[in-house]
Trainee: 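Got a structure for you, written out below as structure tokens; questions coming shortly.
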Amino acid sequence: MSGQHHQLKPISARPIRTPAELVETGLIAAENLADIDAVAKRYAIAISPAMAALIDRNDPADPIARQFVPDAAEMKVTSEERQDPIGDLAHSPVEGIVHRYPDRVLLKAAHVCPSYCRFCFRREMVGPQGLGTLPTEAMTGAFGYIAGHPEIWEVILTGGEPLILSPRRLGEIMQRLAAIDHVKIVRFHTRVPVVEPDRIDEVLVAALKASGKVAYVALHANHPRELTPAARAACARLVDAGILMISQSVLLKGVNDNPDTLVALMRAFVETRVKPYYLHHPDLAPGTSHFRLTIEEGRTLVAGLRGRISGLCQPTYILDIPGGYGKAMIGADGIRQVDIGCYMVSDFKGGGHAYPPSD
């Protein structure tokens, strides 16, 4: 997309949260209000000022708008979609913990976000109507679980959005993890450096560090325009403080499903000192079929990156196997077609799984 945008700034410094505000800011047409009201009753809406300012109101196919502005297509739920598409609940021994792989756990401290992605795989759990912030007693139970399992080498804070927590809360979490000797790596999965870059200040950066722990920040961005000067400066504040950064992106129809956009995105990450890590095939979350490519389309796109851009820029193309069986590298030989549109996927333990699932 051209860099020449006729952009309208948001009407205020506050996030856009309601269908009426979407109309006021020119992000949806007034005649679509009833349809978007229906979406809002089911899924959370929030667009941060930074993202609202990026949207080109003159482009009906704007890739930033597509990620954050609700669409009536979200009310269409297909037969293969599921409320817990990657099987978090099947691997949740205590509230707030997902223990899918032996050496690492997810710690879901918050289920709210400053901006809600329309393709979110946890969209049934996040937002004001979702699970909220983990209560104190549940947080205590989660730390007890981590402390009681010496095989846990890495704790991944996810959600929702972990960096929406105050620096004080984040500092408390890091200090509790600092007291657990077998945990060596703490990773934060976040959109904040992109959607709310000013939140990444010296106080928050300091809160992410703890003695004896290596901190990683996995930045979620899907289009090169998200890596604005402000976002790059936020990442620089993290990296300059000794925090390592990796990327994760979702391959999305109408956002980044062309080679030029993927090349620009991966190069932008590397230029920002963020190592490209995962490119996710979109999960089977309810109401997200308008974002999904076929696996063959995705593999063709990813194969096209090889030889075109530096090895530093190459992400790993992965699928989270529905049902909680973990990730499969689908740019490689972890998947084979068995029928038109049907695949057999191998998980990390060697098990075979049909995709889409044949219920």
Side-chain angles (χ1 to χ4, degrees), residues 13-15 17 44 46-51 54 67-68 96-98 104-117 120-123 125-128 130-134 139 142-143 154-178 183 185-210 213-222 226-228 230-250 269 272-275 277-278:
R14 294 180 296 105
R17 296 189 181 278
I47 308 174
S48 71
M51 290 297 97
L54 266 188
Q67 293 183 68
F68 296 107
I97 292 285
V98 177
R104 55 204 181 275
V105 295
L106 304 181
L107 173 57
K108 297 197 283 188
H111 287 84
V112 291
C113 300
S115 289
Y116 290 104
C117 304
C120 177
F121 68 98
R122 292 195 178 113
R123 61 194 329 224
M125 307 174 194
V126 303
L131 300 178
T133 301
L134 201 61
M139 190 73 85
F143 284 116
E154 180 182 23
V155 173
I156 302 167
L157 277 100
T158 182
E161 171 56 72
L163 298 193
I164 207 168
L165 297 171
S166 69
R168 179 186 62 80
R169 290 286 305 279
L170 288 166
E172 288 172 356
I173 289 170
M174 288 303 290
Q175 290 311 308
R176 294 186 78 166
L177 292 173
V183 173
I185 309 294
V186 183
R187 192 195 323 174
F188 298 85
H189 283 187
T190 183
R191 271 281 222 180
V192 162
V194 161
V195 303
E196 205 172 1
D198 291 346
R199 184 181 280 270
I200 308 294
D201 59 17
E202 289 183 4
V203 179
L204 186 143
V205 171
L208 303 186
K209 302 176 75 173
K213 309 302 174 198
V214 177
Y216 276 79
V217 166
L219 174 65
H220 174 188
N222 300 309
E226 295 174 55
L227 291 160
T228 61
R232 292 180 187 226
C235 293
R237 290 191 286 275
L238 290 160
V239 177
D240 288 345
I243 294 171
L244 299 153
M245 292 193 70
I246 57 177
S247 80
Q248 51 180 358
S249 305
V250 186
F269 281 136
T272 310
R273 295 182 285 169
V274 178
K275 176 67 182 82
Y277 181 48
Y278 277 159

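We count residues from 1, following the sequence as given.
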Trainee: Do any N or O atoms from the side chain of R232 and from the backbone of L227 form a donor-acceptor pair under 3.5 angstrom?
Mentor: yes
Trainee: Could you tell me which non-hydrogen atom of A221 sits nearest to which non-hydrogen atom of E226, and how far apart they are?
Mentor: CA-OE1, 3.5 Å
Trainee: Is there a side-chain contact between L165 and I173 (heavy atoms, below 4.5 Å)?
Mentor: yes
Trainee: Taking only Lys NZ, Arg NE, NH1 and NH2, and the carboxylate oxygens of Asp or Glu, determine whether R176 and E172 approach each other closer than 4.0 Å.
Mentor: no
Trainee: Scan side-chain atoms only and decide if S48 and R191 contain a donor-acceptor pair under the 3.5 Å cut-off.
Mentor: no
Trainee: A side-chain contact here means heavy atoms from C-beta on lying under 4.5 Å apart; do Y278 and S249 qualify?
Mentor: no
Trainee: Could you pull out the closest heavy-atom pair between P197 and A50, with the gap in Å?
Mentor: CD-CB, 4.1 Å
Trainee: With respect to V205, which candidate in V217, V239, I243 satisfies the side chain to side chain contact (heavy atoms under 4.5 Å, CB included) definition?
Mentor: I243
Trainee: To the nearest 0.5 angstrom, please state how far the NE2 atom of H220 sits from the OH atom of Y277.
Mentor: 15.0 Å
Trainee: Would you compute the distance between atom CD of Q248 and atom CG of N222 and round it to the nearest 0.5 angstrom?
Mentor: 9.5 Å
Trainee: Determine yes or no for a side-chain-to-main-chain donor-acceptor pair under 3.5 angstrom, with R273 supplying the side chain and M245 the backbone.
Mentor: no
Trainee: Would you check if V203 and R168 make a side-chain contact, meaning some heavy-atom pair closer than 4.5 Å?
Mentor: no
Trainee: Rounded to the nearest 0.5 Å, what separation is found between the NE2 atom of H189 and the NZ atom of K108?
Mentor: 13.0 Å
Trainee: Atom CZ in R169, atom CE in M139: separation rounded to 0.5 Å?
Mentor: 5.0 Å
Trainee: Below 4.5 Å, heavy atoms only, C-beta onward: do P114 and R199 meet side chain to side chain?
Mentor: no
Trainee: Could you check whether any side-chain heavy atom of V250 comes within less than 4.5 Å of a side-chain heavy atom of F121, counting everything from C-beta outward?
Mentor: no
Trainee: So does L219 get a backbone contact from the side chain of T190, meaning a donor-acceptor N/O pair under 3.5 Å?
Mentor: no
Trainee: Looking at every non-hydrogen atom in both residues, tell me the closest pair between M51 and S115 and how far apart they are.
Mentor: CG-OG, 4.3 Å
Trainee: Has the side chain of K209 got a donor or acceptor atom that lies under 3.5 Å from a matching backbone atom of G242?
Mentor: no
Trainee: For the residue pair L163 and L208, establish whether any side-chain heavy-atom pair is separated by less than 4.5 Å.
Mentor: yes
Trainee: Are any of the side-chain heavy atoms of T158 and V98 separated by less than 4.5 Å?
Mentor: no
Trainee: Specify the closest pair of heavy atoms between Y116 and F68, including all atoms of both residues, with the distance to one decimal.
Mentor: O-CD2, 3.7 Å
Trainee: What's the shortest heavy-atom distance between A210 and Q175, and which atoms?
Mentor: CB-NE2, 4.2 Å
Trainee: I need the L177 CG to L107 CG distance, nearest 0.5 Å.
Mentor: 7.0 Å
Trainee: In this structure, are over 12 heavy atoms from other groups packed under 6.0 Å from Y216 atom OH?
Mentor: no
Trainee: Can you name the closest pair of heavy atoms from V194 and A231 and give their distance?
Mentor: CA-CB, 4.1 Å
Trainee: With rounding to the nearest 0.5 Å, note down the distance linking CD1 in I185 to CG in L244.
Mentor: 8.5 Å
